[in-house]
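This report concerns only the one structure given below.
Computed from heavy atoms alone, side chains included, the values below leave out hydrogens, waters and symmetry copies. Below, chain A is the first sequence line, B the second, and so on; all start at residue 1. Computed from a predicted model, the values in this text were never measured in an experiment.
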Number of protein chains: 2
Amino acid sequence: MPFRDIAAKELAKIFSVLAHPDRVRIIEELGAGEKDVNSLQAVLGVSHSRTSQNLAVLRTNRIVTERRDGRHVFYRLSQPELAGWILEGLRFIEGDAQASEARLNAFEKARQKWGSEAAGELLFTNRD
Amino acid sequence: MPFRDIAAKELAKIFSVLAHPDRVRIIEELGAGEKDVNSLQAVLGVSHSRTSQNLAVLRTNRIVTERRDGRHVFYRLSQPELAGWILEGLRFIEGDAQASEARLNAFEKARQKWGSEAAGELLFTNRD
DNA sequence: TTCATATATGCATATATTTGCATCTGATTG
DNA sequence: CAATCAGATGCAAATATATGCATATATGAA
């Protein structure tokens with residue numbers, strides 16, 4: 001298989017791992033620092049099983065790393081810049097001329113809360 | 001729906017559009033400039049129907065834009081920086097310590113052919 | 001009509017979501 | 001110090017839904 005196809009396949013694979021709202025949220029949350037499964041579940045507002053299973057997908061693909069402490073398992077991003085990269089992706093949605101006002105508003109807020117507009121700033125900093 | 005969820009959902013949507021090897025390849029090809037369907041099909045080495053269907057996905061999600069000229073339809077990236085952003089994503093695969101040697105080789109070559117390692121360089125430049 | 005491209009249909013495969021159960025760990029009690 | 005209990009997490013089976021792909025058919029320009 002030509003190298004281009006290998007690389008394209010791998011990239012597509014990564015994208016498919018990221019192609020789930022829960023997993024995007026998880027990565028964004030972990031961009032602010034490690035969290036245990038329960039906290040993540042609470043923030044996402046979904047079932048613990050769903051949280052756990054999406055974490056498993058991220059874990060299997062080495063997007064996150066786990067650390068056990070007592071009965072809690074803490075997750076963190078294997079590569080913290082990943083969160084920043086994802087955040088940058090927002091601009092490709094915003095660039096869409098037909099993006100609705102509500103959507104644009106959401107992005108604006110998300111950028112403010114999740115991270116910074118500065119290109120060089122790669123980590124999410126604020127909470128709310 | 002909280003703004004975070006909206007943004008996460010939209011991001012996940014984009015990722016799912018990108019989560020297909022053919023579509024990644026198409027975006028990479030278009031990163032070098034516009035191309036008509038036939039050329040794309042030839043480069044990808046897949047059926048015309050498959051090419052057309054994947055272009056439809058990209059078109060529907062406004063990743064690409066079409067221009068008709070006679071009986072040929074030329075596609076180009078709506079937002080050329082998208083190709084660069086995708087290329088940047090390669091490093092998250094490479095960061096994976098367990099990436100196989102073959103894979104790493106493919107990425108190395110891909111980077112050389114498709115674009116540059118420099119962070120600021122956002123477009124694919126070379127052909128081969 | 002022919003060439004270039006798009007779309008529709010149907011089937012196979014993959015992915016997501018829920019429900020229920022298993023396991024591990026730390027705390028409590030007898 | 002067991003024996004037991006509850007919390008935290010993972011995993012599996014069942015079902016629903018989505019996606020990919022080939023084949024066939026349609027549009028539209030030359």
Side-chain angles (χ1 to χ4, degrees), chain A residues 1 5-6 8-27 29-30 34-78, chain B residues 1 5-6 8-27 29-30 34-78:
Chain A
M1 187 161 56
D5 293 335
I6 297 176
K9 207 173 153 194
E10 294 291 337
L11 268 171
K13 183 74 199 308
I14 283 205
F15 283 128
S16 76
V17 170
L18 304 180
H20 189 293
D22 290 4
R23 298 199 284 267
V24 170
R25 286 298 316 279
I26 289 174
I27 293 173
E29 290 298 328
L30 296 185
E34 72 170 13
K35 278 197 176 51
D36 72 304
V37 183
N38 243 332
S39 317
L40 284 172
Q41 186 207 329
V43 172
L44 299 194
V46 302
S47 72
H48 98 262
S49 181
R50 191 166 138 184
T51 306
S52 185
Q53 282 174 164
N54 279 317
L55 279 169
V57 173
L58 294 173
R59 191 184 342 118
T60 301
N61 289 276
R62 298 193 197 79
I63 304 287
V64 300
T65 306
E66 55 175 335
R67 169 179 76 86
R68 192 163 207 116
D69 181 21
R71 30 180 167 179
H72 294 259
V73 177
F74 289 85
Y75 283 89
R76 63 187 147 79
L77 296 178
S78 308
Chain B
M1 185 163 57
D5 294 335
I6 298 177
K9 210 173 150 194
E10 295 288 339
L11 271 170
K13 185 72 199 309
I14 283 206
F15 284 129
S16 76
V17 169
L18 302 180
H20 190 293
D22 290 4
R23 299 199 284 266
V24 170
R25 286 300 315 282
I26 289 173
I27 293 172
E29 291 297 329
L30 296 185
E34 73 171 12
K35 279 198 176 50
D36 71 306
V37 183
N38 241 331
S39 315
L40 284 172
Q41 185 206 332
V43 171
L44 298 194
V46 301
S47 74
H48 98 263
S49 175
R50 191 166 139 183
T51 306
S52 188
Q53 281 174 13
N54 280 317
L55 280 169
V57 173
L58 294 172
R59 192 183 343 118
T60 301
N61 289 276
R62 298 193 199 77
I63 305 287
V64 299
T65 306
E66 54 175 335
R67 169 180 77 84
R68 195 167 201 113
D69 181 20
R71 28 182 162 178
H72 292 257
V73 178
F74 289 85
Y75 282 90
R76 64 190 147 77
L77 297 177
S78 307

What pair of heavy atoms forms the shortest contact from A:Phe74 to A:Asp36, and how long is it?
CD2-N, 3.6 Å
To the nearest Å, how far apart are A:Arg68 CZ and D:dG10 C1'?
9 Å
Please name all residues satisfying side-chain contact (heavy atoms from CB on, under 4.5 Å) with B:His48, sequence neighbours left out, ordered by chain then number.
B:Gln41
Could you check how far CZ of A:Arg71 sits from C1' of D:dA8, rounded to whole Å?
7 Å
For A:Ser49, which contact category applies under a 4.0 Å heavy-atom criterion: base, sugar-phosphate, or nothing?
base
Would you kindly compare A:Lys13 and A:Asp69 by the position of their nearest DNA chain C nucleotide and give the one closer to the 5′ end?
A:Lys13
Value rounded to 0.5 Å, distance of OG1 in A:Thr51 from CD1 in A:Ile26
6.0 Å
One pair to check against side-chain contact (heavy atoms from CB on, under 4.5 Å): A:Leu30 and A:Leu40. What are the steps and the verdict?
CA-CA 9 Å; A:Leu30 296 185; A:Leu40 284 172; 4.3 Å; yes
Starting at the 5' end of DNA chain D, which residue's closest nucleotide do you reach first, B:Arg23 or A:Ala56?
A:Ala56
Enter the inter-axis angle for the ends of the helix from C:dT1-D:dA30 to C:dG30-D:dC1 (five pairs per end, rounded to 10°).
20°
Would you mind reporting whether B:Thr65 and B:Arg76 have side-chain heavy atoms less than 4.5 Å apart?
yes
Hey, does A:His20 reach any base, or is it just sugar-phosphate, or nothing, if we go heavy atoms under 4.0 Å?
sugar-phosphate
Note: for A:Asn54 and B:Val73 on DNA chain C, the residue whose nearest nucleotide lies more 5' is B:Val73
B:Glu66: what forms a side-chain contact (heavy atoms from CB on, under 4.5 Å) with it, not counting sequence neighbours?
B:Arg59, B:Val73, B:Tyr75
Kindly list each side-chain donor-acceptor pair under 3.5 angstrom involving residues 13-22 of chain A, sequence neighbours excluded, with atom names and distances?
unit_1, atom_1, unit_2, atom_2, d
A:Lys13, NZ, A:Asn61, OD1, 3.2
A:Ser16, OG, A:Lys13, O, 2.8
A:His20, ND1, A:Asp22, N, 3.0
A:Asp22, OD1, A:Arg50, NH2, 3.2
A:Asp22, OD2, A:Arg50, NE, 2.6
A:Asp22, OD2, A:Arg50, NH2, 3.2
A:Asp22, OD2, A:Asn54, ND2, 3.3

When the distance from NZ of A:Lys35 to P of D:dA8 is rounded to whole Å, what number comes out?
17 Å
Roughly how far apart are A:Glu29 CD and A:Lys35 NZ, rounded to 0.5 Å?
5.0 Å
I need the CG-P distance between A:Asn38 and D:dG7, as an integer number of Å.
11 Å
Not counting sequence neighbours, which residues clear side-chain contact (heavy atoms from CB on, under 4.5 Å) with B:Arg71? List them please.
none
May I ask you to say what B:Asp36 touches in the nucleic acid, namely base, sugar-phosphate or nothing, with a heavy-atom cut-off under 4.0 Å?
sugar-phosphate
Give a yes/no answer on whether the side chain of A:Tyr75 brings an N or O atom under 4.0 Å of OP1 or OP2 in D:dG10.
yes
For chain A and DNA chain C, what are the first and last nucleotides along the strand, 5' to 3', with at least one atom under 4.0 angstrom from a heavy atom of the protein chain?
C:dA16 to C:dG26
Which part of the nucleic acid does B:Phe74 contact within heavy-atom distance under 4.0 Å: base, sugar-phosphate only, or nothing?
nothing
